[in-house]
Amino acid sequence: MLDKTLSPASFEQRIYEGWEASGAFGARPDSAAEPFTIMIPPPNVTGSLHIGHALTFTIQDTLVRWRRMQGRDALWQPGTDHAGIATQMVVERLLAGQGVNRREIGREKFVEHVWEWKAQSGGTITRQLRRLGASLDWPRERFTMDAGLSEAVREVFVTLHKQGLIYRDRRLVNWDPKFQTAISDLEVENKEMKGSLWHLRYPVEGEAGRFLVVATTRPETMLGDTAVAVHPDDERFKDLVGKFVILPLTGRRIPVVADEYSDPEKGSGAVKITPAHDFNDFAVGKRHGLGMPSILDADGAIWLDEIEGELREVDGVAEPGFVRGLAGQDRFAARKAIVAELERLELLEKIEPHNNAVPHGDRSGVPIEPRLTLQWYCDAATLAKPAIEAVETGATEFVPKHFENIFFSWMRDIQPWCVSRQLWWGHQIPAWYAPDGSVFVAKTEDEAYAEARAKLGADVTLTRDEDVLDTWFSSALWPFSTLGWPQKTTELEKYYPGDVLVTGWDIIFFWVARMMMMGHHFMGGVPFKTVYIHGLVRDEKGQKMSKSKGNVIDPLELIENFGTDALRFTIASLATPGRDVKLGRKRVEDFRSFGTKLWNAARFCEMNGIAPDASFDPTKVQTPLARWILDAANNAIAEADAALEAYRMDDYANACYRFVWNGFCDWFLEFAKPALNGPEGAEKAEVKGVAQHVLGTILRLLHPVMPYITEELWDRFGYGPEFSLIRTPWPTPVAVPGAEDARAELDWVVKLVTEVRAVRSEMNVAPSVLVPLLLSGASTETLARAGRWIDAIRRLGRATEVRALEGDAPKGVAQVVVDEATVLLPLADVIDLGAERARLLKEKAKSEVEAEKVTAKLSNQDFISRAKPEVVEENRERLAAAQAETARLDAALSRISD
RNA sequence: GGGCGCUUAGCUCAGCGGUAGAGCGCCUCGUUUACACCGAGGAUGCCGGGGGUUCGAAUCCCUCAGCGCCCA
């Protein structure tokens with residue numbers, strides 16, 4: 001016997017282990033079945049499951065289970081990434097807690113610590129994914145730092161270098177002073193901040209008393225100014241172009257240049273140019289051949305090495321001693337000191353409040369610093385071209401479509417990708433340097449030496465590049481590196497390209513775009529055919545979840561309390577295309593009832609001896625009830641398929657919900673009760689047969705989204721051996737004889753019962769009062785139906801009997817119109833005739849309004865001539881129905897008027 | 001500044017040319033032998049405003065407003 005209450009905790013773990021042990025998740029490279037491939041977006045190896053993971057992996061698992069049941073050879077490739085910065089940060093903090101600094105212990109030791117940390121915490125997320133029910137092919141699990149994947153990284157780096165698509169360049173990067181590494185544009189978040197606009201007076205050379213006022217949001221960078229730019233058309237400064245100003249504090253002589261970058265409307269109209277500390281200024285500097293001294297070090301502190309030599313004293317303007325005193329000061333402290341000094345020198349014109357976007361490191365949270373350094377770059381623009389084309393031609397399609405615009409906008413304006421990071425945790429760049437500065441890029445040290453010796457002689461000593469690659473560099477190779485590339489494996493042959501990539505819109509640039517570039521370049525084709533983009537999970541108020549806000553919800557806690565299936569079903573129901581998902585504990589609690597409903601329906605079946613029967617043939621059923629529910633099941637299967645094909649998780653979940661609850665439970669089981677309670681015989685046998693068949697269909701239909709409860713019921717009922725539902729074929733519609741007649745018949749019964757219940761409820765008739773139903777104007781078919789369904793109607797409509805009205809209507813009846821017939825409920829003792837009259841008049845008014853609306857339409861000549869004929873015909877039928885209804889209500893009214 | 005999305009029942013959201021929907025919530029009734037995480041019934045909408053196209057607009061176009069996001 002099934003327990004009275006559903007307790008997911010009692011079977012989830014056992015079932016998952018059963019599936020996993022039986023190899024149900026495994027891809028079958030040797031099978032002839034058509035593959036279905038999804039690459040997992042690799043979570044951070046040291047991370048833990050958050051609600052966003054629950055969303056994306058529920059969607060992926062649902063798709064995978066569905067396709068697997070359809071007979072596809074499903075590969076859901078698992079794995080994790082090494083998350084360079086994040087992981088290094090965690091381990092550094094851990095060591096700091098023990099009073100250890102990574103620089104003290106050195107690179108090798110530090111990396112050992114990271115591997116230890118990985119060994120310790122690396123299983124967390126994969127364990128949690130198991131709790132979510134994710135049917136990943138675990139034996140194929142990969143890690144971006146695995147030997148194989150590392151080989152792929154080296155291969156790609158070396159190849160791209162040979163092709164000139166990876167190169168070293170000295171240009172401005174986004175420098176994170178906290179982590180002391182370059183980061184990519186994407187890892188920078190601009191935050192709107194309240195700041196100031198400082199107006200500084202730069203004395204014009206040779207014109208005593210004349211100043212050029214520049215406006216800046218970053219006065220501390222003035223130490224590195226090498227020009228002042230004004231707009232070429234700006235009349236105010238025309239005579240100054242080509243002249244020089246004296247840079248305060250340092251005494252440097254810098255030119256006034258004309259450049260369109262300077263906006264006459266902004267600030268003072270003149271802008272200081274600091275090429276080594278601002279991206280725009282860097283461009284101006286290049287255009288005008290300006291010097292580019294750096295004045296900040298890796299910590300973001302003042303650093304004078306590059307300007308020390310040119311400091312000179314200028315009376316009332318520059319004082320080398322002051323500048324030297326700034327050395328080593330943090331950029332923000334230096335700002336204060338410099339502003340104060342300029343004020344003292346009366347070179348500060350004014351300070352205006354000013355809001356500006358300040359770039360912050362997304363991991364470190366500190367303002368990033370543009371810094372001139374030598375880094376490795378990838379020529380993203382060249383790699384992007386075929387990737388853009390692939391989306392333009394539809395080789396890869398985004399779902400929903402509009403996300404393609406986001407992809408295009410970024411890809412068409414893509415900047416060189418800085419791929420080197422000044423970290424220790426990651427793939428060390430395979431580049432070696434000779435003492436003379438020549439660079440040897442090779443897959444191994446031996447190869448690098450071989451090349452170096454050939455070029456520079458036998459006794460050359462090489463030093464390897466200290467830096468590692470951006471984590472996304474290895475993630476970009478994921479769709480093929482996990483399949484064994486650069487080796488030519490059967491997996492690579494069979495599972496590349498993948499079918500669909502599922503991820504949130506925030507990852508389009510970081511990962512999707514880069515996989516598209518690398519996939520195309522190295523595999524000669526797109527890495528996946530479809531990119532399904534879902535929203536992000538937000539709290540019930542639509543706020544982004546964050547630890548600092550304290551509004552995060554823990555998927556594991558939800559699983560503990562409501563079960564994995566409840567969480568998954570909730571997520572699926574709310575996952576509307578491309579929109580963010582507002583999710584709270586309450587939503588999961590509400591949706592939990594669906595699993596309970598299914599459990600109880602199954603329990604009812606069990607109590608009535610409904611059990612799997614392989615000999616049952618749905619195409620041979622005779623009773624309208626069996627035909628009707630099989631037809632409804634066909635419809636549910638079709639809806640589920642269509643929804644899943646279209647990546648509409650919400651539609652799929654809702655179609656299942658409606659069929660199970662409003663079809664199977666509300667009506668089928670109720671209609672089945674008389675037969676189930678009745679004598680053994682053909683009818684009862686067929687009802688039981690169809691019940692077990694449809695319950696089995698429901699379990700299969702729901703399995704992708706609610707894997708646990710469906711497997712538990714499947715096993716307990718004995719539809720198959722333990723843990724076999726996951727491998728059971730997906731249901732397909734069956735040919736149902738006489739479906740249309742069955743639908744007409746059962747729909748009529750439903751309508752009759754619903755109408756009778758409604759009028760009883762409105763007339764406040766207690767359920768305990770049983771009433772005969774008298775049919776007036778009923779066709780012989782209707783009377784026959786009433787006869788066939790008498791037991792169900794009695795039970796569901798609280799009726800004593802159903803028969804044709806003979807002679808005059810009794811006094812005091814409530815009446816409802818059902819198709820051509822009018823149903824009379826003699827309620828002389830309980831009915832309020834006034835209320836009944838009012839009710840009938842209201843009904844009549846409704847049908848009259850309907851008739852009027854349709855009449856207006858039909859009397860419009862344009863409508864008759866221009867609308868589609870079937871629409872016109874439909875409206876004619878509607879009019880006839882409304883008029884007939886009005887007539888029957890009139891008759892009903894006259895019956896109760898004395 | 002450029003671009004995108006959203007605005008439909010109290011809440012969360014489907015629908016995207018042909019009779020306004022779902023879930024939850026709310027109100028009334030209910031110990032009918034699966035289920036109160038239940039059953040039956042009910043109420044609730046100028047489909048953001050304005051204009052246009054069309055025989056017909058929540059749905060297509062324009063415009064305005066508000067909210068959100070992305071990129072500068």
Side-chain angles (χ1 to χ4, degrees), chain A residues 1-2 4-6 185-186 190 279-280 357 400 402-406 408-410 413 505-506 508-509 535-536 538 540-544 562-563 566 570 573-584 586-587 589-608 610 643 648 650-651 653-655 657-658 661-662 665-666 669-670 672-673 676-677 753-768 770 794-798 849-850 853-854 856-868 870-872 874-875 877-879 881-882:
Chain A
M1 255 313 259
L2 296 178
K4 197 167 156 59
T5 50
L6 162 67
D185 300 350
L186 291 176
N190 286 307
F279 285 93
N280 290 312
H402 72 257
F403 284 107
E404 289 181 0
N405 294 331
I406 294 178
F408 286 140
S409 68
W410 190 67
D413 185 35
W505 47 256
D506 54 332
I508 294 176
F509 305 146
L536 309 183
R538 295 172 178 279
E540 275 161 322
K541 292 180 210 125
Q543 304 265 344
K544 219 169 174 172
F562 309 120
T570 305
S573 298
L574 301 179
T576 53
R579 284 180 75 143
D580 286 351
V581 177
K582 285 183 201 159
L583 187 69
K586 177 76 166 47
R587 305 301 296 269
E589 196 178 340
D590 289 343
F591 273 105
R592 166 181 56 164
S593 53
F594 179 61
T596 309
K597 187 74 181 177
L598 175 62
W599 183 262
N600 281 306
R603 222 173 127 249
F604 173 80
C605 290
E606 187 189 38
M607 289 166 69
N608 282 279
I610 289 161
R648 288 297 302 258
D650 57 335
D651 285 349
N654 292 340
Y657 188 102
R658 271 199 311 278
W661 203 310
N662 307 118
C665 294
D666 286 352
L669 290 182
E670 294 303 330
K673 278 175 184 174
L676 292 172
N677 291 337
V753 168
T754 305
E755 291 289 347
V756 168
R757 280 168 168 175
V759 70
R760 289 178 56 109
S761 178
E762 275 182 67
M763 290 291 104
N764 282 320
V765 182
S768 51
L770 304 186
R794 270 195 191 124
R795 187 188 164 82
L796 302 176
R798 311 300 295 152
V849 166
E850 166 80 357
K853 261 164 61 178
V854 182
K857 244 187 192 184
L858 287 169
S859 51
N860 180 342
Q861 272 312 308
D862 283 329
F863 174 72
I864 302 293
S865 58
R866 292 175 183 243
K868 280 177 278 184
E870 59 268 32
V871 174
V872 176
E874 194 185 304
N875 276 278
E877 281 163 18
R878 273 176 63 194
L879 179 60

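The chains referred to below are lettered A, B, ... by the order of the sequence lines, with proteins before strands, and numbering in each begins at 1. Predicted model only: the values in this text are computed from it and were never measured.
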[X] has a side chain; which of [options] sits nearest to it?
{"X": "A:Lys582", "options": "B:C70, B:G18, B:C13", "answer": "B:C13"}
{"X": "A:Met607", "options": "B:A34, B:U54, B:C70", "answer": "B:A34"}
{"X": "A:Arg798", "options": "B:U32, B:A40, B:U19", "answer": "B:U32"}
{"X": "A:Ala601", "options": "B:A34, B:A40, B:C37", "answer": "B:A34"}
{"X": "A:Thr754", "options": "B:G18, B:G41, B:G23", "answer": "B:G41"}
{"X": "A:Phe509", "options": "B:C70, B:A14, B:C35", "answer": "B:C70"}
{"X": "A:Pro767", "options": "B:C29, B:C37, B:G18", "answer": "B:C29"}

State whether A:Arg603 and A:Glu606 are salt-bridged, where the test is any N-O pair (Lys NZ or Arg NE/NH1/NH2 against Asp/Glu carboxylate O) under 4.0 Å.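 Answer for the salt bridge query: no.
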Does [X] reach a base, just sugar-phosphate, or nothing at all? Heavy atoms under 4.0 Å.
{"X": "A:Lys868", "value": "base"}
{"X": "A:Phe594", "value": "nothing"}
{"X": "A:Glu850", "value": "base"}
{"X": "A:Ala867", "value": "base"}
{"X": "A:Glu404", "value": "nothing"}
{"X": "A:Asn405", "value": "nothing"}

Taking for each residue the nucleotide of RNA chain B bearing the nearest heavy atom, is the 5' side occupied by A:Phe591 or by A:Ile864?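 Comparing both residues, the 5'-ward one is A:Phe591.
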5'-most by nearest nucleotide on RNA chain B - A:Leu186 or A:Asn677: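 It is A:Asn677, whose closest nucleotide lies nearer the 5' terminus.
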For [N], give the paired nucleotide (Watson-Crick: N1-N3 plus N6-O4 or O6-N4; G-U: N1-O2 and O6-N3; both under 3.5 Å), or none.
{"N": "B:G17", "value": "none"}
{"N": "B:A40", "value": "B:U28"}
{"N": "B:C67", "value": "B:G5"}

Considering just the side-chain nitrogens and oxygens of [X], establish if one lies under 4.0 Å of OP1 or OP2 belonging to [N].
{"X": "A:Thr576", "N": "B:A14", "result": "yes"}
{"X": "A:Trp661", "N": "B:G39", "result": "yes"}
{"X": "A:Tyr657", "N": "B:A14", "result": "no"}
{"X": "A:Arg579", "N": "B:A14", "result": "yes"}
{"X": "A:Ser768", "N": "B:U32", "result": "no"}
{"X": "A:Lys597", "N": "B:G39", "result": "yes"}
{"X": "A:Arg538", "N": "B:U12", "result": "no"}

One pair to check against side-chain contact (heavy atoms from CB on, under 4.5 Å): A:Val871 and A:Phe863. What are the steps and the verdict? CA-CA 10 Å; A:Val871 174; A:Phe863 174 72; 4.0 Å; yes
Is a donor-acceptor contact shorter than 3.5 angstrom present between the side chain of A:Thr596 and the base of B:C37?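 Between B:C37 and A:Thr596, which were checked side chain against base, a qualifying N/O pair under 3.5 Å is present.
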[atom1]-based separation of [M] from [N] [nearest Å]:
{"N": "B:G3", "M": "B:U59", "atom1": "P", "answer": "23 Å"}
{"N": "B:A58", "M": "B:G49", "atom1": "P", "answer": "11 Å"}
{"N": "B:G18", "M": "B:C24", "atom1": "P", "answer": "27 Å"}
{"N": "B:U19", "M": "B:C35", "atom1": "P", "answer": "40 Å"}
{"N": "B:C70", "M": "B:U63", "atom1": "C1'", "answer": "24 Å"}
{"N": "B:C60", "M": "B:G15", "atom1": "C1'", "answer": "15 Å"}
{"N": "B:A34", "M": "B:U44", "atom1": "C1'", "answer": "32 Å"}
{"N": "B:C13", "M": "B:C47", "atom1": "C1'", "answer": "13 Å"}

Cation over ring face, A:Lys586 and A:Phe591, 6.0 Å, 45°: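 The answer is no, since A:Lys586 fails at least one limit relative to A:Phe591.
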Spacing between A:Asn860 atom CG and B:U54 atom C1', to the nearest angstrom: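 Those two atoms, CG and C1', are 12 Å apart.
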With heavy-atom distances below 4.5 Å as the criterion, would you say the side chains of A:Arg587 and A:Leu574 are in contact?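 A side-chain contact under 4.5 Å exists here.
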In sequence, state the C-alpha distance, the side-chain angles, and the governing distance for A:Asn405 and A:Trp410, and then conclude on side chain to side chain donor-acceptor pair (under 3.5 Å). CA-CA 9 Å; A:Asn405 294 331; A:Trp410 190 67; over 6 Å; no
